[in-house]
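Here the structure is a predicted model, which means the values were calculated and not measured. Throughout, numbering of the chain's residues begins at 1 and tracks the sequence.
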Amino acid sequence: MAVRRVVPNIQSESVRENKEFYGLLGFEEVMNHGWIMTLASPSSPGAQVSFMADDKTAPLTPDLSVEVDDVDAAYALMREHGAEIVHPLQDEEWGVRRFFVRDPNGRVINVLGHR
């Protein structure tokens, strides 16, 4: 299993303000579903930050997203090692398969793969 990218998720209602502020640093909008917006650097597309009011299909908002090449293997590994799964593995309508797990610091990690 390989990590493809890591994206901090900032809980915020201030979409326009964040887009303007981070735009000053060179970030551009690459995704916006209304409840989550992701900005990325055009020169380094893997450098991203997301802002979300609340997660659309989960009971809590994750602190960090980690995209992996095999989300099913990641899920099995986390379960095998007794990690706390706080949102089950599922397919989402926007083209990702994901689950949430709590890290040792109490942070909620959104582990995902694109379908």
Side-chain angles (χ1 to χ4, degrees):
M1 176 181 48
V3 174
R4 292 190 171 164
R5 70 185 165 122
V6 177
V7 180
N9 299 317
I10 299 172
Q11 191 167 12
S12 175
E13 299 281 341
S14 305
V15 173
R16 183 183 53 75
E17 294 87 345
N18 281 305
K19 184 176 178 179
E20 289 174 6
F21 176 83
Y22 285 89
L24 298 173
L25 296 171
F27 284 89
E28 295 180 354
E29 184 179 299
V30 294
M31 181 188 75
N32 191 334
H33 291 297
W35 58 274
I36 181 172
M37 173 188 66
T38 301
L39 305 177
S41 165
S43 61
S44 182
Q48 299 181 351
V49 61
S50 290
F51 302 91
M52 65 174 64
D54 290 301
D55 196 289
K56 180 180 178 182
T57 63
L60 61 163
T61 302
D63 299 295
L64 185 71
S65 292
V66 177
E67 181 184 357
V68 296
D69 65 347
D70 188 341
V71 70
D72 291 287
Y75 184 72
L77 191 61
M78 289 292 176
R79 288 182 50 115
E80 177 183 318
H81 286 271
E84 180 188 357
I85 305 297
V86 296
H87 184 65
L89 182 64
Q90 65 186 44
D91 293 326
E92 300 291 3
E93 64 186 37
W94 56 90
V96 300
R97 184 166 172 77
R98 69 180 184 154
F99 69 95
F100 293 1
V101 61
R102 194 173 307 279
D103 79 2
N105 306 297
R107 301 290 182 189
V108 176
I109 311 304
N110 172 31
V111 182
L112 68 116
H114 283 87
R115 293 181 281 153

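Of all heavy-atom pairs between Ser43 and Pro45, the closest is C-CD, 3.8 Å. Contact detail for Lys19 and Leu39: the closest heavy-atom pair is CA-CD1, 4.1 Å. In plain terms, the two heavy atoms of Glu67 and Arg5 that are nearest each other are OE1-NE, 2.6 Å.
In the hydrophobic clustering of this structure, Leu77 groups with Ile109; members are Ile, Leu, Val, Met, Phe, Trp, Tyr whose side-chain heavy atoms approach within less than 4.5 Å, directly or through other members. In the hydrophobic cluster analysis, where Ile, Leu, Val, Met, Phe, Trp and Tyr join through side-chain heavy atoms closer than 4.5 angstrom, Met37 is grouped together with Leu25. Hydrophobic clustering (side-chain heavy atoms under 4.5 Å, transitive across Ile, Leu, Val, Met, Phe, Trp, Tyr) keeps Val7 apart from Val96.
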Verify side-chain contact (heavy atoms from CB on, under 4.5 Å) between Val111 and Val71, making sure each step is shown before the conclusion.
-> CA-CA 7 Å; Val111 182; Val71 70; 4.3 Å; yes
Check the pair Gln11, Asp54 against side chain to side chain donor-acceptor pair (under 3.5 Å), reporting the backbone distance first and the verdict last.
-> CA-CA 7 Å; Gln11 191 167 12; Asp54 290 301; 3.2 Å; yes
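Each of Arg79, Arg97, Arg115 was compared with Asp72 under the salt bridge (Lys or Arg N to Asp or Glu O under 4.0 Å) criterion, and only Arg97 meets it.
Atom CD of Gln90 is separated from atom CZ of Arg98 by 6.5 Å, given to the nearest 0.5 angstrom.
Under the side chain to side chain donor-acceptor pair (under 3.5 Å) criterion, Glu20 pairs with Arg16, not counting sequence neighbours.
Taking the six-membered ring where the residue is Trp, Tyr75 and Phe99 present perpendicular rings, their angle passing 60° and hence far from 30°.
Judged as a ring-ring contact (aromatic ring centres under 6.0 Å, His included), the pairs with a partner in residues 46-71 (not counting sequence neighbours) are, in order, Tyr22-Phe51.
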